[in-house]
Peer 1: 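Below are the structure tokens for one structure; questions will follow.
Lettering of chains follows the sequences in order, A, B, ..., and the numbering in each one begins at 1. Predicted model, so just to flag it, every value in this text is computed and none were measured.
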Amino acid sequence: DAGVIQSPRHEVTEMGQEVTLRCKPISGHNSLFWYRQTMMRGLELLIYFNNNVPIDDSGMPEDRFSAKMPNASFSTLKIQPSEPRDSAVYFCASRPDRENTEAFFGQGTRLTVV
Amino acid sequence: AQKVTQAQTEISVVEKEDVTLDCVYETRDTTYYLFWYKQPPSGELVFLIRRNSFDEQNEISGRYSWNFQKSTSSFNFTITASQVVDSAVYFCALSGNNQGGKLIFGQGTELSVKP
């Protein structure tokens with residue numbers, strides 16, 4: 001299995017631009033998580049899906065952030081417009097069921113907004 | 001509400017010392033799962049262990065051991081005879097059966113093992 005695949009691995013963009021991060025979960029996994037990691041705030045859960053349906057998006061910072069999961073094999077996290085404070089590493093993770101197994105993480109996308 | 005607290009932000013030890021990383025959690029769920037992950041300098045998150053709330057047996061895997069105590073809501077992680085390669089950030093995480101599968105992490109403990 002290829003594991004959770006995230007793209008791009010690195011993204012540098014200018015403030016105000018739209019940024020789209022992509023994630024392909026492990027085949028057969030039905031839960032997907034988006035996390036943001038910064039030095040100040042640690043590993044924050046932004047949103048998670050179960051069977052392609054958003055279950056909890058209370059961690060999404062503001063309306064500039066949106067996430068979709070159009071099918072079981074693909075999810076996006078979009079920031080529009082981006083701001084320098086959005087600079088962080090964004091991780092996607094998936095797991096096979098709702099709560100009793102470990103989540104498998106992608107390599108992360110390092111986003112820098114200048 | 002669920003919460004995971006790792007009070008130790010940074011720990012520095014000398015190689016071969018034993019070190020314990022603390023994790024305290026809060027949940028109202030009767031069934032829940034606890035996890036430890038390792039994040040080495042390369043940045044990926046590596047799963048180490050999972051424990052469910054009904055299994056309080058301590059677990060040992062090589063130099064790693066975990067002590068789960070429901071009475072104190074703690075799930076501590078001990079590395080025996082630490083090595084330089086153990087240098088990483090370690091995260092404790094919690095998932096409860098009434099939270100819809102939400103998986104939350106503590107702030108992490110950065111462990112530095114010096115030769």
Peer 1: Can you say whether A:M39 sits under 4.5 Å from chain B via the side chain, the backbone, both, or neither, judging by heavy atoms?
Peer 2: neither

Peer 1: Nearest 0.5 angstrom please: A:F33 CZ to B:L103 CG, how far?
Peer 2: 5.0 Å

Peer 1: Looking at side-chain heavy atoms only, is the closest gap between B:E44 and A:F105 below 4.5 Å?
Peer 2: no

Peer 1: With a 4.5 angstrom heavy-atom cut-off, could you sort out which part of A:L43 is near chain B: side chain, backbone, both or neither?
Peer 2: both

Peer 1: Is A:S58 in contact with chain B via its backbone, its side chain, both, or neither, using a 4.5 Å heavy-atom distance?
Peer 2: side chain

Peer 1: Do A:I26 and A:L21 share a hydrophobic cluster (ILVMFWY, side-chain heavy atoms under 4.5 Å, transitive)?
Peer 2: no

Peer 1: Are A:L32 and A:Y35 connected into the same hydrophobic cluster when the rule is that any two of I, L, V, M, F, W, Y join if their side-chain heavy atoms are below 4.5 Å apart?
Peer 2: no

Peer 1: Stepwise, does the side chain to side chain contact (heavy atoms under 4.5 Å, CB included) test hold for B:F91 with A:Q37?
Peer 2: CA-CA 12 Å; B:F91 291 94; A:Q37 185 176 28; 3.4 Å; yes

Peer 1: What do you reckon, is CG of A:N71 surrounded by more than 12 foreign heavy atoms closer than 6.0 Å?
Peer 2: yes

Peer 1: Applying the side chain to side chain contact (heavy atoms under 4.5 Å, CB included) criterion to A:E102, which one of B:F35, B:W36, B:Y33 satisfies it?
Peer 2: B:F35

Peer 1: Measure across A:R95 and B:S95 and return the closest heavy-atom pair with its distance rounded to 0.1 Å.
Peer 2: NH2-OG, 3.2 Å

Peer 1: With only heavy atoms counted, which part of A:R110 is less than 4.5 Å from chain B, the side chain, the backbone, both or neither?
Peer 2: neither

Peer 1: Working to the nearest 0.5 angstrom, can you tell me the gap between B:S42 OG and A:Q107 CD?
Peer 2: 7.5 Å

Peer 1: If you draw a 6.0 Å radius around CD in B:Q57, do more than 12 non-hydrogen atoms from other residues or ligands fall strictly inside?
Peer 2: no

Peer 1: Going hydrophobic residue to hydrophobic residue with side-chain gaps under 4.5 angstrom, can you get from A:V89 over to B:V89?
Peer 2: yes

Peer 1: Counting only heavy atoms not in A:R41, do more than 12 sit closer than 6.0 Å to its CZ atom?
Peer 2: no

Peer 1: Take a 6.0 Å sphere around NZ of B:K38 and say whether it holds more than 12 heavy atoms from other residues, nucleotides or ligands.
Peer 2: yes

